[in-house]
Amino acid sequence: MNDQIRAREVRLVGPEGEQVGIVPLERALQLAADVDLDLVEVAPMARPPVCKLMDFGKFKYESALKAREARRNQQQTVIKEMKLRPKIDSHDYETKKGHVVRFLKAGDKVKVTIMFRGREQSRPELGFRLLRKLEEEVAEVGFVESSAKQDGRNMIMVLAPHRSAKLAARKGDEGTGAEGDEALAEGAVAESSAQA
């Protein structure tokens with residue numbers, strides 16, 4: 001930028017993107033000073049290097065804004081974890097399955113871990129059977145991204161939401177809540193008419 005440029009001549013581009021041509025560095029610096037802008041090297045590897053007349057502070061600010069906007073539009077992947085035991089009770093299993101379904105509907109991935117203790121490690125088929133059952137029961141909201149595999153004392157499977165569930169979760173986050181208010185009002189009307 002400005003005095004840090006070492007080339008003797010540069011290909012100069014004006015502030016509006018117009019081509020000025022190849023000029024000596026001193027002349028380019030003089031032109032930049034005349035219009036109160038910076039001379040910025042945009043293509044240093046070209047022969048001769050390409051320099052542009054621009055307000056460097058404004059350029060840095062706008063590029064920072066664009067980077068921030070790009071980060072905002074990125075979707076953060078959240079992985080929730082659900083831990084089970086091979087000999088889980090049916091009610092506990094239903095509760096854990098409900099959590100998994102809720103996570104998948106919210107658009108999050110779920111890492112399901114089955115923890116084996118003691119002699120349970122010699123019966124990995126119990127864990128496979130449990131994970132297969134869970135996979136079948138949540139098939140309408142998610143799919144298996146990483147199939148079940150033994151990892152020491154644990155068996156791990158990763159479930160991911162279907163694309164439609166992700167989109168619905170994102171729309172739900174962006175919604176104003178007016179639809180929910182209408183649904184509550186309709187429910188209250190239906191309830192009062194049922195009581196009457």
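Since the structure is predicted, the reported quantities are computational estimates derived from the model, not experimental observations.
- Of the charged side-chain nitrogens involved, at least one lies within less than 4.0 Å of a carboxylate oxygen, so that Glu135 and Arg132 count as a salt-bridged pair.
- Tracing side-chain contacts under 4.5 Å through hydrophobic residues (I, L, V, M, F, W, Y), one never reaches Ile156 starting from Phe103; they form parts of separate clusters.
- Under a 4.0 Å N-O distance rule, the pair Glu94/Lys97 qualifies as a salt bridge.
- Counting only distance, with no hydrogens or angles, the side chain of Lys80 and the backbone of Val100 share no donor-acceptor pair below 3.5 Å.
- Gln150 places a side-chain N or O within donor-acceptor distance of the main-chain N or O of Gly152, the cut-off being under 3.5 Å.
- Two different hydrophobic clusters hold Val144 and Val158 under the rule that ILVMFWY side chains link at heavy-atom gaps under 4.5 Å.
- To the nearest 0.5 angstrom, Met157 atom CE is 7.5 Å from Ile114 atom CD1.
- The hydrophobic cluster containing Phe128 also contains Val138, counting ILVMFWY residues as joined when their side-chain heavy atoms lie under 4.5 angstrom apart, directly or transitively.
- Counting heavy-atom neighbours within 6.0 Å of Arg27 CZ, excluding the residue itself, gives a total of 12 or less.
- A distance of 13.0 Å separates NE2 in His99 from CG in Leu104, rounded to the nearest 0.5 Å.
- In this structure, Arg153 contributes its side chain and Met115 its backbone to no donor-acceptor pair below 3.5 Å.
- The line from CD1 of Ile88 to CG of Leu126 is 13.0 Å long, rounded to the nearest 0.5 Å.
- Between the CG atom in Leu159 and the CG atom in Asp108 there is a gap of 12.5 Å [rounded to 0.5 Å].
- In Tyr61, the OH atom is not crowded: 12 or fewer heavy atoms of neighbouring residues, nucleotides or ligands sit closer than 6.0 Å.
- Here the straight-line distance linking atom CG of Leu134 with atom NZ of Lys96 works out to 11.5 Å at 0.5 Å rounding.
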*Let me see the working for Leu130 and Tyr93 under side-chain contact (heavy atoms from CB on, under 4.5 Å), right down to the final yes or no.*
CA-CA 9 Å; Leu130 188 62; Tyr93 170 78; 3.9 Å; yes
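- Thr113 pairs in a side chain to side chain contact (heavy atoms under 4.5 Å, CB included) with only one of the listed residues (Met82, Met155, Glu81), which is Glu81.
- Under the 3.5 Å distance criterion, the side-chain polar atoms of Glu120 are matched with a main-chain donor or acceptor of Arg117.
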